Amino acid sequence: MTNLILPGLVDVHTHLRVPGGEHKEDFTTGTAAALAGGFTTILAMPNTTPPLATVQVLEETRQHAQTAIYCDVGLFAGASAAHLDQLPYLATYAVGLKIYLNDTFGLLRVDQLATLQACFERWPRDKMIALHAEGQSIAVGIGLAAAYQRPVHFCHVSRQEEIELIAMAKRQGLPITCEVTPHHLFLTTADAERLGSLGDMRPKLASPADVEALWAHLNTTIDCIATDHAPHTLAEKQSANPPPGVPGLETSLPLMLTAVKEKRLTLDRLIELMATNPRRIYQLPAQPDTHIEIDTAATYTITNNLYTKCGWTPFAGMTVSGQVKRVVLRGIVLFEDGQILAQPRLIKCGEQTSPTSLKEAPAVMGEGEKRILAL
Ligand code: DOR
Ligand code: ZN
Ligand code: ZN
C-alpha cells in the first residue's frame, strides 16, 4: 500500500547507449527502467558510438529520443578536441557539457590543457560543465572552476581524499557541486572481489574507509545521488575484456530508502539529493502534476528481473525496503504495480534546454510539490 508520496526523481547521470549501443539499452528500455526506479527526468551521457560531440549526432539523437521515451530526457554534449568549434551550437541542444578527464568506457577523453581551456571559454556560462574526474583530476577541475569562476559539477566522487578536497574547495566558496552513486555508497572492494567483472566500473569500488567518508559527507558536501546507470550485456561483462559499468536506475531509490529506514539519512535529505538539488544544479524546469508513490513497508530481495535491457544488477540478492508503486508524470499514470502503462511517445525532450525555458525554470521545487504524505 502506498504510504509515501515523493516528487518525481531526477537522475543527472544515466547512460542510455543511443546511438550505437542499443543492444545494451535504448531510449525505451532505459526510460522504462527510470520510471520503475521512480525517476521522471534523466540526463543522458554522451559517450555513445558515435559520441554526442557534433551537432549532427546530437540533433539526430534528440529527434530519435522524442519518439521513444517514457520520461523526460536531457542530453549531455561530449567535449572532444576535434569539435571545439561546435561547442556553442551543441549548447543549444544539451543540458550540459561532459568532459572526461580520465579513461573509461568510450572514446571521449580530454587530456590537453588547451582543449580544457577552450571548453571553459566557449561553453555558455549559464550551462553546467560536468567532469569525470578521478584522483588528482579533481584538483584540475577545482582549479578550472576557480580560474574561470564558473560552476563545475563532479560526477561519481568515490574516494575519501576526493570528497575532502571538494569539501575544502566548497568552504572557500568555489561554485562546485558533486554527486555520489549508490554503488559507491553500498559496495566496497570486498564486493568487487565477490562480483568480479559485475562489480567493475569507473571509478572502481573503494575501501570501507572511503565509503565511510562518503556517508560522513552525505549531509554536507554531497549535492546529489546519481545512478551512473551504465548497462552492458551479461555476455559483454563475462567476456575476456569486460567493459566497466553497472546498471542502477531501478535499485538506487530502494537502496536509499532502506538507508532512510536505518536512519543513515533523513527523508528530507533524500528528496534534496535525488530531486531538488539535481533539478536546481542543471536548472531543469519543474514537472507539474508529477509525483511517485511508494510502499515503504514492502521489503523484498533485489533480482535480475528488471526493465533495463542488460537484465542484471550487482545488487541482486540484497534485501531492501521501499517499492515504487506508481509514477504520475504531468497528470498521467505511467507506471503502476510493476507495469508500464503508456506507449512510448513524445513526452518531453529538449524544451528544457532552450534558453527561455531555462530562465523561466524555478530554482527549487515548490513546497507543495515535495510534500510527503504519510497515510
Ligand atoms: O563504469 C563506467 N561505465 N564509468 C564510466 O565513466 C562510463 C560508464 C559506461 O559508459 O559504461
Ligand atoms: Zn564517468
Ligand atoms: Zn557515467
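Numbering starts at 1 and runs along the sequence shown. We count ligands from 1, going down the list as the structure has it; atoms in each ligand are counted the same way. Please read all numbers here as calculations on a predicted model, not as lab measurements.
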Residue-ligand contact His13/ligand 1, heavy atom below 4.0 Å: no
Suppose the criterion is salt bridge (charged side-chain N to carboxylate O under 4.0 Å, His left out): which pairs have a residue in residues 239-251, not counting sequence neighbours? none
What are the atoms of ligand 1, with element, lying closer than 4.0 Å to any heavy atom of His132? 6 (O)
His232 near ligand 1 by a heavy-atom separation under 4.0 Å: yes
If you scan protein heavy atoms around atom 3 (N) of ligand 1, the nearest is Pro244 O, 3.1 Å
In ligand 1, the atoms that come under 4.0 Å of a heavy atom of Arg17 are 9 (C), 10 (O), 11 (O)
Under 3.5 Å side-chain donor-acceptor pair for His156 and His132: yes
Numbered atoms of ligand 1 (with element) below 4.0 Å of Met201, judged on heavy atoms: 1 (O)
Among all protein heavy atoms in this structure, tell me which lies nearest to atom 4 (N) of ligand 1, with the distance rounded to 0.1 Å. Arg202 O, 2.9 Å
Does any N or O of ligand 1 fall below 3.5 Å from an N or O anywhere on Ala230, backbone included? no
Students should be able to answer this: which protein heavy-atom is nearest to atom 5 (C) of ligand 1, and at what distance? Thr104 OG1, 2.8 Å
Side-chain donor or acceptor of Arg122 paired with backbone N/O of Gln117 under 3.5 Å: no
Metal site the Zn ion (ligand 2), protein N/O/S atoms found under 2.8 Å: 2
Which atoms of ligand 1 sit under 4.0 Å from any heavy atom of Asn47? 7 (C), 9 (C), 10 (O)
